[in-house]
Number of protein chains: 2
Amino acid sequence: MSPCFDMCQDSAMSILESVPQEQAVTCCGLATSPVTQEDAARLAPVFKALGDPVRLRMASLIAAQPEVCVCDITPAFDLSSGTISHHLKQLREAGLVSCERRGTYVFYWINPEALGALSALLAVSAPVPAHVP
Amino acid sequence: MSPCFDMCQDSAMSILESVPQEQAVTCCGLATSPVTQEDAARLAPVFKALGDPVRLRMASLIAAQPEVCVCDITPAFDLSSGTISHHLKQLREAGLVSCERRGTYVFYWINPEALGALSALLAVSAPVPAHVP
DNA sequence: CTCCTGGTTTGATGGTGATCGAATCAATCT
DNA sequence: AGATTGATTCGATCACCATCAAACCAGGAG
């Protein structure tokens, strides 16, 4: 069992996994069909993870590069390393990022599928017939 | 001054408004350039608004139709009307929905631009050169 | 093996948030 | 005007969360 096994396995994969193959990633938009209670319970935590300014910047920072070392993340925020770790864990458990330890350092990268799923959910391609007051 | 003026004017329009015309809607992706501290402060509350299962379903319910009466929203949740109102206010202040009173009833509708802005932010078109561990 | 550095976990704390019931406001009906 | 229904606001309560400092764990260097 790899060193950081436990740490790196706590991803919830809440969006993609445990979904009945059919519509893959809750696939087609908040507006097309009402989100079920189960979907909401699964998706809301992901939005919540992005609902903190620190984590949003963190996710962005990670997403902007193939991978980022924690030691490069920490100095970008005026927070204790414990707090940084806490936020990274939130992002991890939301399935938004993954990590791996390589020697001394731990590297994080974004999970594009997770972002993509959220993006698709919010996409308004041919939505609602437009509101006319 | 219209009756529900105060109530319906508390939208934050956090995403679209008060943005220096240039890049319109923070326009092109979490991954392309790191979200600034100001952007994060403006955008995180919108994600937070969607970060609750009740509000996510609520937003979806509203988005699925041109407009929805509060009296049609309330019975869809096992919550007091006070709590429903609280959540609707959160969505309103996040700029995700707008409302208008017409006679006895109050109608809510989705703000597609807000959803679109979030969707664009999360979109992963040609992002990161892919992670190779 | 013993230090040192990088990260995570733990415990405690102050602040925020979801919820309810009651009070209030808005508009319509009698 | 008074009564009724729809919706928001208020006050209180309980749970959760962001944060820090300190303890702890993992690797590498002396």
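- Judged purely by atom type and a 3.5 angstrom limit, R92(B) has no side-chain atom pairing as donor or acceptor with the backbone of A94(B).
- dG6(D) atom P lies 11 Å from atom CG of D72(B), rounded to whole Å.
- Between L88(A) atom CG and dG7(C) atom C1' the separation is 10 Å, expressed in whole Å.
- Distance CZ (F107(A)) to C1' (dT8(C)): 17 Å, rounded to an integer number of Å.
- For Y105(B) and dT8(D), the shortest distance from a side-chain N or O to OP1 or OP2 is not below 4.0 Å.
- Not a single side chain to side chain contact (heavy atoms under 4.5 Å, CB included) links S85(A) to another residue, sequence neighbours left out.
- A close approach under 4.0 Å does occur between a side-chain nitrogen or oxygen of Y108(B) and OP1 or OP2 of dT8(D).
- Between the side chain of D52(B) and the main chain of R55(B), a donor-acceptor pair closer than 3.5 Å is present.
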Contact list (N/O, under 3.5 angstrom) for nucleotides 15-20 of chain D vs protein:
residue	atom	partner	partner atom	Å
dC17(D)	OP1	K48(A)	NZ	3.4
dA18(D)	OP1	R55(A)	NH1	3.2
dA18(D)	OP1	R55(A)	NH2	2.9
dA18(D)	OP2	H86(A)	NE2	3.1
dT19(D)	OP2	H87(A)	NE2	2.3
dC20(D)	OP2	S80(A)	N	3.0
dC20(D)	OP2	S80(A)	OG	3.3
dC20(D)	OP2	T83(A)	OG1	2.9

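- Listed by chain and residue number, T83(B) satisfy the side chain to side chain contact (heavy atoms under 4.5 Å, CB included) test with S80(B) (two or more places apart in sequence, or in another chain).
- H86(B) meets the side chain to side chain contact (heavy atoms under 4.5 Å, CB included) test with Q90(B); sequence neighbours excluded.
- Every residue two or more places apart in sequence or in another chain was checked for a side-chain hydrogen bond (donor to acceptor under 3.5 Å, both in side chains) with T104(A), and none qualifies.
- The interatomic distance linking R92(B) (CZ) with dA7(D) (C1') rounds to 10 Å, in whole Å.
- With sequence neighbours excluded, no residue satisfies side-chain hydrogen bond (donor to acceptor under 3.5 Å, both in side chains) with T74(B).
- The distance from atom CD of E100(A) to atom C1' of dT8(C) is 17 Å, rounded to the nearest whole Å.
- Across all strands shown, S85(A) has heavy atoms under 4.0 Å from base atoms, whether or not it also approaches the sugar-phosphate.
- For the pair F77(B) CZ and dA18(C) P, the interatomic distance rounds to 14 Å; values are reported in whole Å.
- Rounded to an integer number of Å, the gap from E93(A) CD to dT8(C) C1' is 13 Å.
- Between the C1' atom of dG28(D) and the CZ atom of R101(A) lies a distance of 11 Å, rounded to the nearest Å.
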